[in-house]
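Data first, discussion second: the structure below is written as structure tokens.
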Amino acid sequence: MPENRPPSEHLPSPLIGAERRELLLREAVRQGLLDPEETPLAAFLDLDAVTGTVAALHAAFPAALDVRHAFAAKANPLGPVLRRLRALGMGCEVASPGEFAQALAAGFPPELIVLDSPAKTRRELALALDLGVTVNIDNWQELARIDALLAGRRSAARIGVRINPQVGGGSIAAMSTATATSKFGIPLADAGNATRLIEAFRARPWLTELHCHVGSQGVDLDLMATGVAATAAFAERINRELGRRQVTGLDIGGGLPVNFADDRIAPGWDAYVDRLRTHAPVLFDGRYRLTTEFGRSVLAKSGFIASYIEYTKEAGGRPIAIGHAGAQVATRTVFMPDSWPLRISAHHPSGRTKHGTPVPQDVAGPCCFAGDLIARARPLPRLDPGDLICLLDCGAYYPSNHFSYNSLPEPPVHGATTTPTGTVHFTPLRPAQPLEALLTPTPA
Ligand SMILES: *Cc1c(COP(=O)(O)O)cnc(C)c1O
């Protein structure tokens, strides 16, 4: 890597951009993956772009450090996606029995799986301990459960405690996990907790890690790094007061925000690592094994959702284009439009990009409630029935977190790769949910 490369905040990825998306969309139409009658809605993940993103993540941390990058499964738990991320050298962060099972099925070795749910059952904990999966304890009662479970078994699991560094929230309240009253972790600044934690570590030599996750989207890099710094400082304090290096691992969570405004990867991991170096230099001196838990930033920019426009109309002077992508695939955008705006691109039925004078239009989904709008008064070339639209930056959380409103089935998700000569290959990441799957069998 040349020394004088530009800061990653402004580094355009050649694999992410309008031209690349247009190519994939045109090929998807040509190869029949999108069809106005059969498949009016489908999601795509550019697997070449994902490969580049994961490589950038690995490159952002010094090679000499012991870093485990555990992909946050909730951002996209589809089996082929998890298997691909495993093949690219990632681990997996899971937070429910379902995600735990998905990570195991995808072949992640237990030592690359991190279990973080705030509501782990005894059975889930026992399985993690027996397999040797890393467990981050969320609260005092869970600590007591682990005590009881360890009394009867040997375990190779790395066990840590999630602390809430209480450094404050970001711009999206529901995504801010380090506020004073957050439901996650043990609040470090609350009266008595720091000393109680030190004593808990003293009594339990098997407690060897600290974990924090400051927030997801809407949290700025300095706030994230401040939370990590508080966690690292507390690890140092535990080790100092115990007079031994008991805490050997730091899990710094995920949460790198994604730029939904244009095609730039901003901020990049380099920028975050730079902030971490400033706030928590101890992370880089090689004394701690590190774990990260990025989700959204690993996949968001590499995915899009494509939908045909079925009808167009005018109401109260406003043009409205009605398509098939609505709250079922873009739940957060529809219910919290100010926090989760999505870019939309307009295309001819062939997939070719549509040019033309932008006209403010509402872009509506298929759900039967008035608020099912992907965008309001969005300036776009005037959409016509049969056109295609793409919702951009949807590779994480969107198509994989389906909302079953109106019995709308899960759309297919396709992975795309391109040969050096430019041939686009699609592989199924999830088949379309057949309508039969929505028919609950009548009890006998
Ligand atoms: C959601 C979550 C993540 C991933 O957050 P992103 O914003 O997708 O990077 C990581 N760790 C924990 C504990 C989480 O809850």
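Start at 1 and go down the list; that is how both ligands and their atoms are numbered.
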Problem - Ligand-side contact atoms (ligand 1) for residue partner Arg162, heavy atom cut-off under 4.0 Å - result: 13 (C)
Practice task
Give the residue and atom name of whichever protein heavy atom lies nearest to atom 15 (O) of ligand 1, and the separation in Å to one decimal.
Solution key: Lys74 NZ, 2.9 Å
Exercise for the section: Run the numbers for me: atoms of ligand 1, each under 4.0 Å from some heavy atom of Ala72, listed by number. Expected result: 3 (C), 4 (C)
Handout entry: Closest candidate by heavy atom, reference atom 5 (O) of ligand 1, pool Ser216, Gly254, Ala300, Ala396
Key = Ser216
Practice task
Starting from atom 10 (C) of ligand 1, locate the nearest protein heavy atom and write down its residue, its atom name and how far away it is, to 0.1 Å.
Solution key: Glu293 O, 3.0 Å
Problem - Cation-aromatic face contact Arg332/Tyr398, 6.0 Å, 45 degrees - result: no
Exercise for the section: State, with a plain yes or no, whether a side-chain heavy atom of Gln217 is found less than 4.5 Å away from one of Trp340. Expected result: yes
Handout entry: Shortest reach to atom 9 (O) of ligand 1 by a heavy atom, considering only Gly253, Ala75, Cys212, Gly255
Key = Gly255
Completion exercise
ligand 1 atoms nearer than 4.0 angstrom to some heavy atom of Asp116 are 13 (C)
Problem - Between Gln433 and His402: side-chain donor-acceptor atoms closer than 3.5 Å - result: no
Please tabulate, for side-chain N and O atoms in residues 125-138, each donor-acceptor pair with protein atoms closer than 3.5 Å (sequence neighbours left out).
residue : atom : partner : partner atom : Å
Asp130  : OD1  : Arg153  : NE           : 2.7
Asp130  : OD2  : Arg153  : NH2          : 3.4
Thr134  : OG1  : Arg68   : NH1          : 2.9
Thr134  : OG1  : Arg68   : NH2          : 3.3
Asn136  : ND2  : Asp116  : OD1          : 2.8
Asn136  : ND2  : Asp251  : OD2          : 3.2
Asp138  : OD1  : Gly185  : N            : 2.8

Fill in the blank from the handout: The atoms of ligand 1 lying under 4.0 Å from a heavy atom of Phe294, numbered in the order shown, are 9 (O)
Problem - His69 and Thr292: side chain donor to acceptor below 3.5 Å - result: yes
Handout entry: Candidates Ile146, Val161, Leu143, Leu150 - the one meeting side chain to side chain contact (heavy atoms under 4.5 Å, CB included) with Arg204
Key = Leu143
Exercise for the section: Kindly confirm or rule out a cation-pi arrangement of Arg343 over Phe260, judged by NZ or CZ under 6.0 Å from the six-membered ring centre and within 45° of its axis? Expected result: no
Handout entry: Shortest reach to atom 8 (O) of ligand 1 by a heavy atom, considering only Phe184, Phe71, Tyr397
Key = Tyr397
Handout entry: Distance filter under 4.0 Å to Arg296 heavy atoms, resulting ligand 1 atoms
Key = 6 (P), 7 (O), 8 (O), 9 (O)
Handout entry: His213 vs Arg162 side-chain heavy atoms within contact, under 4.5 Å
Key = yes
Practice task
Using a strict cut-off of 4.0 Å, indicate which atoms of ligand 1 neighbour a heavy atom of Glu93.
Solution key: 11 (N), 12 (C), 13 (C)
Handout entry: Contact partition for His213 relative to ligand 1, non-hydrogen atoms under 4.0 Å
Key = side chain
